[in-house]
Amino acid sequence: MGEQVTPRLYRGLRDYLPEQMGARLKIIDTIRRVYENYGFVPLGTPAIEYLDVLVGTGGQEANRSIFGVRNPEDEKLGLRFDLTVPLARVISQYPELPRPFRRYQVSPVWRADKPDRGRYREFTQFDIDSVGVETEMADAEIMAAMADTLTALNVGPFRVRFSSRMVLDMLLRFAEVPAVLRVKKVVGGGRVEKETVEEERPGADVFRVLDKLDKIGMDRVRDELTTGYKDESGDQVPGLGLDLSQVKRIEQFLAIQSPRRGEVLEQLERTFAGVEGAKDQIGVLRRISDTLGSLGYGDDRIAVDLSIARGLAYYTGPVFEAVLLDAPQFGSVFGGGRYDDLVLRFLGERVPATGASIGVDRLLAALVELNRVTLRHATAQVLVAVMDDTVRDECVQMAFELRRAGIPTELYLGSKGIGRQIKYADQQRVPLVVVYGGDEKARGVVVLKEMEQGRRLAAETTSRKEWLRTRPGQLEVPRADLVPATRQLLAGV
RNA sequence: GCCAGCGUAGCUCAAUUGGUAGAGCGCUAGAUUGUGGAUCUAGAGGUUACGGGAUCGUGCCCCGUCGCUGGUACCA
């Protein structure tokens, strides 16, 4: 025999054992129902794409943490890192597709990042996007679908928040932040000698810092915008070198907060009164807010939050994200926005598009933590136990009667005794067990065992004799009534 | 990527100043005359992450690799 191989999983990847997989599929079904209710149509694309399709000809795969793929022809291939780039390719490749093209797609994506709590190298995204629509009604519709999805998923209280990339661009103008910042940065440490170098950073780097506001607080944000600071571990965090008047204006902007959407927008309009183009952009947000309001999406579920700074490189208009209020540590479970440059790379033209993406795995992790999903190993509602060979044929018959009646049923195919069989059902949380042996056969009945009820009653007795005598949670029905009696019991479970 | 800590049975952990590994839970089988729980009995399961070094001798010390955890950076 050859050398044995250690069974193991590449870091950042997971198996989905039946319990988790069942819960995932349920989540996916629920989301899909909502998306189809909005009339989005399904799309599928391959996991593997040409590298230049993924990253453009610039070849920045290093900082995009793409997994490469080796093939026999030695071509430059990679695994998709999101579902939006494949969508852009499809839009460009099939001009015959109807516009607007409103599609949903649920697929795994891969990123070669450092795995972290709730962050994996393979994870599944479920996206909706509307391509070819200019109107902000499309953005409002995406947010409504986000809210409806989270409601359908029974995640508990949540908040969808939105802002706009344009608003943040205006902030740079308002605070007079230049397009290019010169940043002093310490490199090295450890075995390499430390030295200070100067680096050019885009003005939009300000947003990267603002995004940390929740996490590190205003004092630290102020430090990082100006001179930098040393954190607990002694690491020097470089500052962006802004001056105090610039920071003051940014703080003035960040102070615009209210649980009421209308109020935030009013304040913003006042603050940005002198900024060119501000009125138009704020008008877009106001129309979105009004539309949502008239549809019954109140301030409790959807809010305007100017601190959202997600994914700026790529968005060109409204941006949205959703957080679970009972599980804020999971961050944004659902996010998106408008990105009108989607197809530029392929077609050289602008095609307006807006959409959102929900992280199925992060969501499941949050729901497990919140105790809002039941992890059940079994799909069967009924286990037909087999007492011995003399009743085997009839047990097989019964199992198929139940299946043909549409009741998910497992027929016990192992070789253990009746006690083990019931334990097997117990461990997998199969709610009902059919027991049928010589006694039942002689009397023309079957025994239906309600496992959950038995579990409760078992706690009340310590004597096995008593436990066996009462046989908690069992009832006998005529053999002929198997299917209707089972159906009735399951309705009560 | 960087910093720190950790890595002993499926899980949670124990093992006195270095003297060649143990418990609970779980699992398996059985008993309680055809029933989950409780109880009782028995059993399986570990090259102490991996590789090297120092030592008469190491789970324990040193070096390296890998993995995990926390922090930090990154996150289209």
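Predicted model, so just to flag it, every value in this text is computed and none were measured. Labels below follow one simple rule: chain letters A, B, ... track the order of the sequence lines, proteins then strands, and each chain is numbered from 1.
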## Note on the structure
Sorted by chain and number, sequence neighbours left out, side chain to side chain contact (heavy atoms under 4.5 Å, CB included) with Gln105(A) holds for Leu43(A), Thr45(A), Arg80(A), Leu83(A), Arg103(A), Ser107(A)
Give one of base, sugar-phosphate or nothing for [X], where a contact means two heavy atoms less than 4.0 Å apart.
| X | result |
| --- | --- |
| Gly438(A) | base |
| Gly419(A) | sugar-phosphate |
| Asp388(A) | nothing |

### Query
Among pairs that include at least one residue of residues 82-91 of chain A, which meet salt bridge (Lys or Arg N to Asp or Glu O under 4.0 Å), considering only residues two or more places apart or in two chains?
Glu49(A)-Arg89(A)
### Selection residues 473-489 of chain A - residue pairs positive for salt bridge (Lys or Arg N to Asp or Glu O under 4.0 Å), sequence neighbours left out
Glu401(A)-Arg479(A), Arg443(A)-Glu476(A)
Tell me which nucleotide among [options] gets nearest to the side chain of [X].
| X | options | answer |
| --- | --- | --- |
| Phe81(A) | U35(B), G67(B), A76(B) | A76(B) |
| Arg11(A) | G36(B), A76(B), G67(B) | G67(B) |
| Val435(A) | C27(B), G34(B), A29(B) | G34(B) |
| Ile422(A) | G36(B), G34(B), G67(B) | G36(B) |
| Glu440(A) | G34(B), U35(B), C75(B) | G34(B) |
| Asp426(A) | G71(B), U35(B), G36(B) | G36(B) |
| Lys114(A) | C27(B), C2(B), C75(B) | C2(B) |

### Summary
Pairing string of RNA chain B (Watson-Crick or G-U wobble, both atom distances under 3.5 Å; | = paired to other strand) is (((((((..((((.....[..)))).(((((.......))))).....(((((..]....))))))))))))....
Under the side-chain hydrogen bond (donor to acceptor under 3.5 Å, both in side chains) test, residues paired with [X] that sit two or more places apart:
| X | result |
| --- | --- |
| Glu122(A) | Trp110(A) |
| Glu136(A) | Arg287(A) |
| Lys416(A) | none |
| Arg14(A) | Tyr16(A), Asp361(A) |

Distance-only donor-acceptor hits, side chain of residues 379-387 of chain A, under 3.5 Å, sequence neighbours excluded:
none

For nucleotides [N] and [M], find the distance between their [atom1] atoms and express it as a whole number of Å.
| N | M | atom1 | answer |
| --- | --- | --- | --- |
| A9(B) | U48(B) | P | 10 Å |
| G24(B) | U8(B) | C1' | 15 Å |
| G71(B) | C27(B) | C1' | 38 Å |
| G52(B) | C66(B) | C1' | 14 Å |
| A76(B) | G67(B) | C1' | 29 Å |
| C11(B) | C50(B) | P | 15 Å |
| U58(B) | A49(B) | P | 15 Å |
| G26(B) | G64(B) | P | 42 Å |

### Query
Do Asp139(A) and Thr354(A) meet the criterion of a side-chain donor-acceptor pair at a distance under 3.5 Å?
yes
Lys/Arg N to Asp/Glu carboxylate O, [X] vs [Y], below 4.0 Å:
| X | Y | value |
| --- | --- | --- |
| Lys423(A) | Asp426(A) | no |
| Asp439(A) | Lys441(A) | no |
| Asp129(A) | Arg102(A) | no |

Rounded to the nearest angstrom, tell me the gap between atom [atom1] in [X] and atom [atom2] in [N].
| X | N | atom1 | atom2 | answer |
| --- | --- | --- | --- | --- |
| Leu457(A) | G36(B) | CG | P | 14 Å |
| Asp82(A) | A76(B) | CG | C1' | 7 Å |
| Tyr10(A) | C66(B) | OH | C1' | 13 Å |
| Lys441(A) | G34(B) | NZ | C1' | 16 Å |
| Tyr412(A) | G36(B) | OH | C1' | 14 Å |
| Gln427(A) | U28(B) | CD | C1' | 11 Å |
| Arg220(A) | A73(B) | CZ | P | 10 Å |
| Lys465(A) | U33(B) | NZ | C1' | 11 Å |

Atom pairs under 3.5 Å, N or O on each side, protein against nucleotides 9-11 of chain B: can you list them with distances?
none

Pairs: protein N or O with nucleotides 41-43 of chain B N or O, under 3.5 Å:
none

Please tell me if [X] has a side-chain N or O lying less than 4.0 Å from either OP1 or OP2 of [N].
| X | N | value |
| --- | --- | --- |
| Arg464(A) | A31(B) | no |
| Gln474(A) | G36(B) | no |
| Lys416(A) | A29(B) | yes |
| Arg420(A) | A29(B) | yes |
| Trp467(A) | A38(B) | no |

### Query
Should Leu306(A) and Phe253(A) count as side-chain neighbours, where that means a heavy-atom distance under 4.5 Å?
yes
### Query
Heavy-atom distance under 4.5 Å between the side chains of Ile407(A) and Thr486(A), does that happen here?
yes
### Query
Can you name the salt bridge (charged side-chain N to carboxylate O under 4.0 Å, His left out) partners of Arg392(A), sequence neighbours left out?
Asp389(A)
### Summary
Closest to the 5' end of RNA chain B, once Gln453(A) and Glu224(A) are matched to their nearest nucleotides, is Gln453(A)
